[in-house]
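Notes for the one structure printed next.
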Amino acid sequence: MDATAPARSLLEPVPAHRTAGIQVLRAGDCAAEVALDTPYGLTNVIGSLHASGLIALLDAAGPPAVIAAVEAPGELEGVVPLGAAATVEFLAPARGRLVASCTLDGSARRALRGVLCGDGDRARRATVAGIRDATGAVACRGGFDRSVRRIPRA
C-alpha cells in the first residue's frame, strides 16, 4: 500500500521538519525515504549538515515507515510513535541533497501489527536509517528506539 500521501500530511507540517526542509519522498511496504537539501542555516563549521540536522533527518525516516505498515483504513487512528533513545554514527561530511532510508525488519513489523490492528496498545521497537548524499555515499546511520502506542479514545 502506498502511504506516501498520509505520511506527508502527518510529518511535513511538524515544525522541526519544516525548519530543516524535510520532505517525505515515499512510504510503502514498511519502508520510507525522506530528504532535505542541506539548508545553510543548519550547517556546521565545515559547511556540512550539523549533527542536529542529521539526527532530525534520521528521526524523520522512522515514522513514515511505521505509517507504511498500515494495511487497512483507520489503523493509524490514535497511534503515536515516540522516540525513546537514539544511536548515531557520523561517517562523512553530509552536504547537498541528503536522503534517509528506513525499512522495518520482520520483528518490528510483527510488533507493530499488534498495535495497528488493535490486538495491543503498545510496542517498543527500533527503527534504523541511513543517510546518503547525492553521490550515494553513506554520510550517517543510526537508530531510534520507539514506543509506538495507541491513545485510547475518550
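Quick note: numbers below take in every heavy atom, side chains included, and nothing from hydrogens, waters or symmetry partners. Quick note: residue numbers are just sequence positions, from 1. For clarity, every value in this text was computed on a predicted model and none was experimentally measured.
- Under a 3.5 Å cut-off, the side chain of R18 and the backbone N or O of P13 do form a donor-acceptor pair.
- The shortest distance between side-chain heavy atoms of L58 and C140 falls below 4.5 Å.
- Interatomic distance, CZ of R97 versus OG1 of T135, reported as 14.5 Å (0.5 Å rounding).
- Partner of E75 under the side chain to side chain contact (heavy atoms under 4.5 Å, CB included) criterion, chosen from V70, L112, V115: V70.
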Can you list the steps and then say if F144 with L82 is a side-chain contact (heavy atoms from CB on, under 4.5 Å)?
CA-CA 9 Å; F144 277 81; L82 295 173; over 6 Å; no

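- Using a 4.5 Å cut-off on side-chain heavy atoms (C-beta onward), L36 and T38 make contact.
- In this structure the side chain of I67 reaches within 4.5 angstrom of the side chain of L76, judged on heavy atoms.
- Taking the side chain as every heavy atom from C-beta outward, E33 and C102 never approach each other to under 4.5 Å.
- Of all non-hydrogen atoms in D2 and A27, the two that sit nearest each other are OD1-O, 3.2 Å.
- What you find for A123 and A111 is that their closest heavy atoms are CB-O, 3.7 Å.
- The only member of T43, L98, I131 that meets side chain to side chain contact (heavy atoms under 4.5 Å, CB included) when paired with L49 is L98.
- With hydrogens and angles disregarded, a donor-acceptor distance shorter than 3.5 Å links the side chain of R109 to the backbone of L104.
- Side-chain atoms of E71 and R113, non-hydrogen and from C-beta on, do get closer than 4.5 Å to each other.
- At distances below 3.5 Å, at least one donor-acceptor pair connects side-chain atoms of H17 with backbone N or O atoms of L11.
- The shortest heavy-atom contact between A60 and P63 is O-CD, 3.8 Å.
- Criterion: ILVMFWY side-chain heavy atoms under 4.5 Å apart, direct or through other members. Under it, V148 and V14 are not part of a common hydrophobic cluster.
- Side chains of L25 and V34 form no contact here, defined as non-hydrogen atoms less than 4.5 Å apart.
- Between D121 and R150 no salt bridge is recorded (no basic side-chain N to carboxylate O distance below 4.0 Å).
- You'll find the side chain of L54 stays beyond 4.5 Å of the side chain of R141, heavy atoms only.
- Between T4 and R8 there is a side-chain heavy-atom pair separated by less than 4.5 Å.
- Hydrophobic clustering places L42 together with I22 (ILVMFWY residues linked when any side-chain heavy atoms are closer than 4.5 Å, directly or through intermediates).
- Under the 4.5 Å side-chain heavy-atom criterion for Ile, Leu, Val, Met, Phe, Trp and Tyr, L116 and V80 are members of distinct hydrophobic clusters.
- Side-chain atoms of R125 and S107 form a donor-acceptor pair, as typed in the model, at a separation below 3.5 Å.
- Shown here for G28 and A68, the closest heavy-atom pair between the two residues is N-CB, 3.3 Å.
- Defined by atom type and a distance below 3.5 Å, a donor-acceptor pair is missing between the side-chain atoms of S48 and R95.
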Would you please test D59 and R146 for salt bridge (Lys or Arg N to Asp or Glu O under 4.0 Å) and show each step?
CA-CA 10 Å; D59 180 41; R146 296 183 188 277; 3.1 Å; yes

